[in-house]
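As structure tokens, the structure follows; a few thoughts come after it.
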Amino acid sequence: MKKVILSLVLILCCHLAISQVIIRGSVKSGKEGMPGALVYLKETNYQAITNARGNYEMVGVPAGNYRMVVFFTGFGTIQEEIEVRADQAILKKDFQLEELSQELENVTIQDERVNTFGVRRLNAIEGSNIFEGKKNEVIELKDLALNLATNNSRQTYNKVPGLNIYENDGAGLQLGIGARGLDPNRTSHFNVRQNGYDISADALGYPESYYTPSLEGVERIEVVRGAASLQYGTQFGGLLNFQMKKGNPEKKAEVTLRNTVGSFGFFNTFSSLGGQVGKFNHYTFFQYKRGNGWRPNSGFDSKVAYTSLTFEANENLSITGQYTYMDYLAQQPGGLTDALFEENARQSIRERNWFQVNWNLFSLLVDYKLSAKLRFNWRNFGLIGGRDALGNLGRIDRVDTDDERNLFVDDFKNFGSEARLIYNYQIGKQEQALLIGTRYYQGLTLRKQGLGQAGKEADFRFLNPGDLEDSDYEFPGRNVALFAENVFNVGPNFSITPGLRYEMIRTQAEGYYTQTTKYIL
């Protein structure tokens, strides 16, 4: 297999290619960045709008000579001849605008990408990923009016068609969405990722998501649905990827402090620190929130922390280390029968049910641009976490007799590595792209179920830890995958993107499982 992959890379490197270069820079007036400035290459489709800091970026520009134009209302228009060379990976161009001293006629620039209304599509190729012809949406959180403190999923995903949404709590502790009619419970039918790596309990053996990234620390959410997500795994729903924020490259340290209070004892505090120090970009946040819940017996206490440090060795190589921590404890009020709901939808007949989650995510990401046409991406990630459920977990139409409660304890220890190589080449006058990749994933779930302590407190101890009444087993799994996709641009408005994925999945279980039925008269 190594010889086959090596031969393929050598063949790819022998192709003649037209360079695709990233043009990036800033537009300022004095020392102030100019957000909303239009930057474009004349007589081409390449254009960009500067962000809130006055920075812009144009991706995939072929080698050649261009006239670059910078426009901002009330300032003098800049036009400059530039040369994009084949040996360049990144061309940096900064501009200084000068305010006009006389009143000019109004100029209206229309670009449907300026106002995304919160949702846009992914570019055909972004980084080491191919999205050409795929059903996808990008949720730009900065363009939406939503409650970030509570991770309000209905506000966040309401512009993505075809999604089913569960709301399990009023604080966004757990995300529940499904697509194409699939069950939304804990988003188990999506391959859920953060910055491109897995964050669910076990991507294949137990793919439920107990950790939901804090939206106050998220830049955007990428949704790739259905079979279009071939390069990400076997989930029928597709891919859900949370891209976290980065440090402000214009400042060494930028601090954000945000506090939110609401009904039913809700309190949220969010603090972040980010910036650029030399070749290091850093971003860290901590979020704490608590509340009593809309119904009795539905209080919660949650802590989330995230840190990211990127070493930008040069324009072609970056190495990023990230760590995510989440811990929360929630009391669960239990369901209601139709009769009880009709009587009082806010009541609770369970006061001894508890749920807790502890999550630790680790990742090491390497992005290396070997040349203007060949890019390599390597993602290594791991999870050490667990979720525990305690209480009377039987049918809601049965009376809670205050006996020993049921206790479910799941522990997860997972590791994965995914490598991607994307190559840009040309057939005739049309640009093409080939992606090849491989993935190794190893998961281990330790599951225990038995009688827990009686009483009402959140006491997650087994009554008989050496002889559990229901089950005690290990559930190891292993996954090896090889995948490839190629964008064939037949013409300026027509492309074909075939793909192939090979999966080797091995799961097994070791331990014991029994079933005990209790009859309550």
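- Using a cut-off of 4.0 Å between Lys/Arg side-chain N and Asp/Glu carboxylate O, Arg120 and Glu137 are scored as not salt-bridged.
- Applying the side-chain hydrogen bond (donor to acceptor under 3.5 Å, both in side chains) criterion to Arg375, with sequence neighbours excluded, gives Asp367.
- Taking the six-membered ring where tryptophan is involved, the planes of Phe381 and Tyr197 are essentially parallel, since the angle between them stays under 30° and well short of 60°.
- At least one side-chain heavy atom of Gln194 sits under 4.5 Å from a side-chain heavy atom of Tyr306.
- A centroid separation of 6.0 Å or more is found between the aromatic rings of Phe300 and Tyr328.
- Side-chain contact annotation: Thr310 with Asn281, donor-acceptor N/O pair under 3.5 Å absent.
- At most 12 heavy atoms of other shown residues, nucleotides or ligands fall within 6.0 angstrom of atom CZ in Arg506.
- With hydrogens and angles disregarded, no donor-acceptor distance shorter than 3.5 Å links the side chain of Ser271 to the backbone of Leu257.
- Side chain of Asn377 to main chain of Ser128: no donor-acceptor pair is present (N/O by atom type, distance under 3.5 Å, no hydrogens or angles).
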Begin from the C-alpha positions of Tyr40 and Asn45 and carry the test side-chain hydrogen bond (donor to acceptor under 3.5 Å, both in side chains) through to its verdict.
-> CA-CA 8 Å; Tyr40 64 94; Asn45 293 324; over 6 Å; no
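- Here the side chain of Asn151 pairs a donor or acceptor atom with the backbone of Leu215 at under 3.5 angstrom.
- A salt bridge does not link Glu57 to Lys92: none of the charged side-chain nitrogens sits closer than 4.0 Å to a carboxylate oxygen.
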Indicate every side-chain donor-acceptor pair of residues 241-252 with a distance under 3.5 Å to a residue at least two apart or in another chain.
unit_1: Asn241; atom_1: OD1; unit_2: Asn195; atom_2: N; d: 3.3
unit_1: Asn241; atom_1: OD1; unit_2: Gly196; atom_2: N; d: 2.9
unit_1: Asn241; atom_1: ND2; unit_2: Glu222; atom_2: OE1; d: 3.1
unit_1: Lys245; atom_1: NZ; unit_2: Glu216; atom_2: O; d: 3.1
unit_1: Asn248; atom_1: OD1; unit_2: Arg53; atom_2: NE; d: 2.9
unit_1: Asn248; atom_1: OD1; unit_2: Glu250; atom_2: N; d: 2.9
unit_1: Asn248; atom_1: ND2; unit_2: Glu254; atom_2: OE2; d: 3.3

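- Using cut-offs of 30° and 60° for the angle between ring planes, the Phe75 and Phe72 rings count as perpendicular.
- Under a cut-off of 6.0 angstrom, the local environment of CG in Leu317 is crowded, with over 12 non-hydrogen atoms contributed by other residues, nucleotides or ligands.
- In this structure, Arg447 pairs ionically with Asp410, as a charged nitrogen and a carboxylate oxygen lie closer than 4.0 Å.
- Between the side chains of Tyr441 and Asn414, at least one donor-acceptor pair of N or O atoms lies under 3.5 Å.
- Thr269 and Asn259 share a donor-acceptor pair across their side chains, judged by distance under 3.5 Å alone.
- Remark: aromatic rings of Phe412 and Trp359 are close, center separation under 6.0 Å.
- No close placement of the Phe376 and Tyr368 rings is indicated, their centers lying 6.0 Å or farther apart.
- No donor-acceptor contact under 3.5 angstrom links the side chains of Arg295 and Asn297, judged on distance only.
- Here the closest non-hydrogen pair linking Gln155 and Ala145 is OE1-O, 4.5 Å.
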Apply side-chain hydrogen bond (donor to acceptor under 3.5 Å, both in side chains) to the pair Glu126 and Asn123, showing each step before the final yes or no.
-> CA-CA 6 Å; Glu126 293 200 6; Asn123 296 322; 3.3 Å; yes
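- Side-chain contact check for Gln322 and Ser308: at least one donor-acceptor pair (N or O, by modelled atom type) lies under 3.5 Å.
- No cation-pi contact links Arg420 to Trp378, judged by a cut-off of 6.0 Å to the six-membered ring centre and 45° from its axis.
- Within the structure, the salt bridge (charged side-chain N to carboxylate O under 4.0 Å, His left out) test picks out no pair touching residues 309-336 (sequence neighbours left out).
- Within 6.0 Å of NZ on Lys142 lie more than 12 heavy atoms contributed by other residues, nucleotides or ligands.
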